[in-house]
Structures are given as structure tokens and as C-alpha cells.
Colleague: 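Can you keep this structure in mind? I'll have questions shortly.
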Protein chains: 2
Amino acid sequence: MSGEVNIKRLAQELNISIATVSKALNDSYEISLKTKNRVWDLAKQLNYTPNPAASNLRSNKTKTIAVIIPFVANNFFSRAIKGIEEIARKYGHHVLIYQTHEDIEMEMSFTNSLLNGRVDGILTSVSSSEYNLDYYKNLVKKVPLVFFDRVYKDLDAYNVATDDYEISYDATVHLIECGCKKIAYLYGLENLPAGKARFSGFEDALQDNGLMVDDQLVIKYVEDEEQNLKQISDLLSQHQPDALFSSIEEFVIPAYTACKALKFQIPEDIKIISFSNQATAHLLNPSLTTITQPAFEIGREAATCLFKILNKKGHGDDQDIILKSTLIKRESTGC
Amino acid sequence: MSGEVNIKRLAQELNISIATVSKALNDSYEISLKTKNRVWDLAKQLNYTPNPAASNLRSNKTKTIAVIIPFVANNFFSRAIKGIEEIARKYGHHVLIYQTHEDIEMEMSFTNSLLNGRVDGILTSVSSSEYNLDYYKNLVKKVPLVFFDRVYKDLDAYNVATDDYEISYDATVHLIECGCKKIAYLYGLENLPAGKARFSGFEDALQDNGLMVDDQLVIKYVEDEEQNLKQISDLLSQHQPDALFSSIEEFVIPAYTACKALKFQIPEDIKIISFSNQATAHLLNPSLTTITQPAFEIGREAATCLFKILNKKGHGDDQDIILKSTLIKRESTGC
DNA sequence: CTGTTAGCGCATTCAG
DNA sequence: CTGAATGCGCTAACAG
């Protein structure tokens, strides 16, 4: 059976010791080039690949990292994964992906299942930053961990996130400059720093411009699609806002649908601005001003950060990395 | 350090042998309940979890499966992943995910990196069923493998797919029954059985109803967003079809955009039907008749099939599993 | 019922 | 420069 080609087999065929083969394969300085070449050639010829389990056991490294996220079917996360994969491949690592579906129990369950050395490190984007602070406080001591996007503030850990507050502030100012005075806010991620920061940015921008948040104009995201649609429809018909600030992409379609159903012309009657990582968002409606997060880059940064930790490069500098989002205005539509 | 809690440590603390601990942990019939309880209690107390690398090395099993797909950011695949994860968790397995981005080289590279026992089995959805038949013909002998959705016909392997031909036929008949006579076809996945089957179903349905495929009304998907939009726009303005049959979800937004730009009323001037796994597709436009694949179920089936193989349950019956898609008509809009 | 032993494949001492 | 020996943590014969 040629199926069982291991270091021992190579040693036998070449009439040298196992140790020599091992060293040769790892390009050790102790081995002559001639021997190395013999080993490398045969290895290639026999299609040798090291047994990962054995390496893992010996080295206590798995060449695998885990990514824990709420969903994969999400423009932000899927792009982030792409960035993570790119870096992981660069470092020769494999990527385990776990979807929590925003279920905190599952999040902990997955995480716990990784603590026995199945992975070298974890990239996580949590479902809530409130309910299990203690858990994570403890966890960061046990395993190399980087939070990305959905992070824990005030935790002694590495965070990679975006400038939610600033971009939200800017976006709001933009709406105000477009003449909007009655801006409704579609609130998402309310128990996460990102969600709170987005709202704060909105709030502060209003205040700094002599406006105020009207609670009646704030809607909170719920799981039920129809329910979200209804909430927005009711808001529109009862309060006639002149703009919608959507803090998460999930609100875009119901917002459009509601506007269309109620004959609100976009952007003439109502402006819409949304956090959105969908490249085709503007195709859907050219008047949609979007806040686009650097999802791919966040993935790359987070992974890079993790590998710095793994390689003991200390990472010296600050533990928080903040990347800038982009406000993509649609000038042609007057907003 | 309590970090190093292994079977040896348990044995020492309890003054019994390592073997006994191992058997107790695995609930062997050879061990007395009393001893088992002592072991289990201490294990829980010390938070013992077995070292996966050691188990892997010994048992030649990794409790890990790999999923190789073109993209994760795709409604079909992300749902399929959910199904796969569900089954994997049921069997206590972890899931490695690889995105090929339709790059065949990368597809092979990832696959090759898994052949050294890093995973127990592979679920794959290939990027092409033409260019590397030999590769896969060889591969299926080396590793437990299940193809799903994007499969290789005529290969001695397990396939899990959908009824592309039939549903495409039915959908076309539906359009014809709605009075459409000049149906344009937006062709995707052309080098995959699924894509070909969809087109054949369309073709045959036309023929069986006294119509014919007009090559001028067939557009093929390209990577470039703008290009797709242009293709459709040109088609619409030059040939004025009365329906669009979109064989992949990626065509939906450009199709809508083009129609809107050219003032084609949907569904009055032109009907649109599309393969689409987006739950919110009808929100986007209530007149969109969709062909929905059972993505989640495909994931479940494919994974179940793989575990049957892994558990040597032979799986006896046929190697091809075909699940039915659903044609969701929008009666309210007259089509 | 429990313990002794051997070995999975590899990497790393330490001798030569 | 090369090789013999050891052990990572766990499981599985085989003995007792």
C-alpha cells in the first residue's frame, strides 16, 4: 500500500535513520545538502505529507484557527472570512468556522470545545457583550483570542473593530446637511458596543446640530421579518420622518418595501442611509447612501493580529485596532 | 499548573492506572460503575478534556470534516453550511470550511491539503465538472467524499443534488401558461451539470410547447457586475422579451435594475422568474416567482450521507440523492 | 474488574 | 554530519 508513506518508510527506502529524515524534511542545518536532496526527492516522489495528528501531538500546535461568528450568510462576515482565510493560508493554517446564530449558549459551547488544543487560536465576533463578560475575562487567559467587530470593551484582549461612532456621526451630519430634520433610527445590535456606538454617533450629531432624538422615531430590530416591516410601516405612516438611518443592513429591504408600499418617494420624500456591506446595494437603489465597513480588511487585520500573538511577536503596540468605514454618498440623487 | 490535566494526571490523583482511566472515560464495560464514577467526577472537577491530537494519532480519526465550496457569501451555500453544521454537531464533528472562489487550482490545492488525514471526510461543491475529472476519479478512492449541488455525473461517488431539470421545465411551462412567448434565458453555471440541466429543462419545455430557444435571447453570466447589467439592458432594448428566466440568483438584481432603467413594468411588460434562495426575495419585489432549492436539507443530506460512509453503514442504496426544489408562484401578480 | 505494555508518527535531545 | 533513544497523550491488546 502506498497509502502509508511516513517518515519511517522514507528512512527505510533511503537506508538512513528516521531522525535524519525528520531533520532533513525540516531543513535542519545539521544535515548535508546531499542527504536533504535525497530525502526531498523521495518525499516528493512518494507524495509524502506529514501526519498532522502526529505533528500536533509533538509540537502542541495544530496549524488551525477557529472563527466564531453569528452567521456566515452576512455580507460583513462572509467578507471578513475571506480576509481571514487569506492570512491563514499565508501562514499555512486551516480555518474552522462556527456559526452561533446569535445563540450565546452555542457560542460558549463551541468555544469550550476548542480549549483542549484543537486550535492554536480563536477569532470571535460575539453575540452580546453583556451576558458573559466573566466567561471571556477568564477565557482570554487560556487561549490566544482576538475579538473582531463585535467586541468586548474594557477587557484585556485584542480588539479589531471599526469607527462606528465617527462614521455614524458623519452620516447623520450628512443627512442633516441634506435638509433632514426628522430622522428615524433603525436600531440594531443594541447589546453590542458597535450598536451602541452607532446610536451615540447619531445622537450626538443631532444634538450638535440643534436636534434631538425622538424615541418615537426609534425602532429596534427583531428577528421576525414581517414584524420589522410592520414597525417601519407604522413609523412612516404615523410620524412621516424625512429620513431613515438604518444601523444594520438587515433593515434595508423592509425599509424599501415599506416606503414603496406607502408611496414614499426615495429620495424625494424620504432619504435612506444604511450600514451596508453589499457591493450591489447601489444597484438595488441608486439613491441609497451607504456606510461600508472594511470587512475584508477587518478579517485580515484580526487574523494578522492573532498570528502575531501566536508567533510571540508580542504585537507590542495598542491592543485595539480601529479601521475606518466609508460613507458612500450618491451625489446624483441630491443626497 | 492545572492547565496540564490529562489522563495520566487523573490516574495519579486516583491511584489507579492510566488504562483504567482511559477505559472509564470511554465508558467501557470492563470498568466498575464505582470506578467510572470516581473518574468522571474528578474529570469534571478538573475540567478534563481529551487531547484531540493524541486521539487522532491513535485512532486515525479526527472528528473533523471539511466543506469545500465556491463561496460562503451565497444564500444557497450558507444555508447548506447550516445544515451540514447541524449534522456534524450531532455526530460530534468539527467543520473546516474552504472557499475556492471558483478557482479550480485553489480547489485542488485545498483538497490536497486534506489528504493526509487532517479530516475524516470531505463535502465538496465543485467549480467545474469538466476540467479535472481525472483528479476526482482518483480522489474518491482516497478519501470519503460526497459531492453536493455541484456534482460530477458519471463518477463513482455519492452525489446530493436537486431536480434542476424538472423544476426548470416546470418553471418554464408556468411562464408559457402565463402567456409568455419570447422568454430570455440568463445562463449561469454553464460548465456544471446543474447549469446544463436547468437549461435543458428550459429548452425542452419550450419545445414541448411549440416554441424554440432563440440564441439571441440567451445571456451568459460573467464575473463583472456592470457587464451583466449591460448584457441584460441590451437584450431588453434590442429584443423586447416578455419574460426573463434567471438560472442563478446573481442575475436578479441586474435584471431588475435593467428593467427599471428601461421602464419595463414588472410583471405587466415582462415576467421574471429566478432560481433564488433568498428568503426575502419576494419582499424585494412581490412579483418575483422563485425557484427555491432545499439548501438546508441538501446540507443535511450530504452530511448524513458522509457520516453513513464514515460509519461504514455502507449506505447500501443508490449513490445519488435528489431533493426537490420548490416553485413559489406569486398568484397575486398574475404570474 | 484492573494493570502492564506497546505503539500511533513525529521531533528532539544526546551520543557518536 | 548521522543515528539511537525518548516521549507527546491516548487506546488497545493482552495478562492477571
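Excluded from the calculations below are hydrogen atoms, water molecules and symmetry mates; all remaining heavy atoms, backbone and side chain alike, are included. It should be emphasised that the depicted structure is a prediction, and the values quoted were computed from it without experimental measurement. Chain letters run A, B, ... following the sequence lines, proteins first and then strands; every chain starts at 1.
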Colleague: Mind checking whether B/F77 and B/F148 have parallel, tilted or perpendicular rings, split at 30° and 60°?
Modeller: perpendicular
Colleague: When the distance from NZ of A/K61 to P of C/dG9 is rounded to whole Å, what number comes out?
Modeller: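 Roughly 22 Å, once rounded to whole Å.
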Colleague: Round to a whole Å and report the spacing from CG of A/N116 to P of D/dC8.
Modeller: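 Rounded to whole Å, this separation is 18 Å.
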Colleague: Please report, rounded to the nearest Å, how far the C1' atom of D/dC1 is from the CG atom of A/L14.
Modeller: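 Rounded to the whole Å, the gap is 16 Å.
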Colleague: Grab the CG-P distance between A/N26 and D/dT2 for me, whole Å please.
Modeller: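 In whole Å, D/dT2 P and A/N26 CG are 15 Å from each other.
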Colleague: Expressed as a whole number of angstroms, how long is the span from A/N56:CG to C/dG9:P?
Modeller: 14 Å
Colleague: I need the NZ-C1' distance between A/K63 and C/dC10, as an integer number of Å.
Modeller: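 Rounded to the whole Å, the gap is 15 Å.
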Colleague: Protein within reach of the bases, or only the backbone? For nucleotides 1-8 of chain C, mark each nucleotide 5' to 3' as B, S or -, using heavy atoms under 4.0 Å.
Modeller: BBBB-BBB
Colleague: Go through the side-chain N and O atoms of A/Y91 and A/D120 and say whether any donor and acceptor fall under 3.5 Å apart.
Modeller: no
Colleague: Answer yes if the ring centres of A/Y136 and A/F147 are under 6.0 angstrom apart, and no otherwise.
Modeller: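 Ring centres of A/F147 and A/Y136 closer than 6.0 Å.
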Colleague: Within a 6.0 Å radius of atom NZ on B/K61, are there more than 12 heavy atoms belonging to other residues, nucleotides or ligands?
Modeller: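 12 or below, so no.
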Colleague: Go through C/dA11, D/dC10, C/dC10 for me and flag the one nearest to the A/Y48 side chain.
Modeller: C/dC10
Colleague: Checking B/S113 now: which residues fulfil side-chain hydrogen bond (donor to acceptor under 3.5 Å, both in side chains) with it, not counting sequence neighbours?
Modeller: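 By the side-chain hydrogen bond (donor to acceptor under 3.5 Å, both in side chains) rule, B/S113 matches no residue at all.
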Colleague: Using a 4.5 Å cut-off on heavy atoms from C-beta on, say whether the side chain of A/V21 contacts that of A/V39.
Modeller: yes
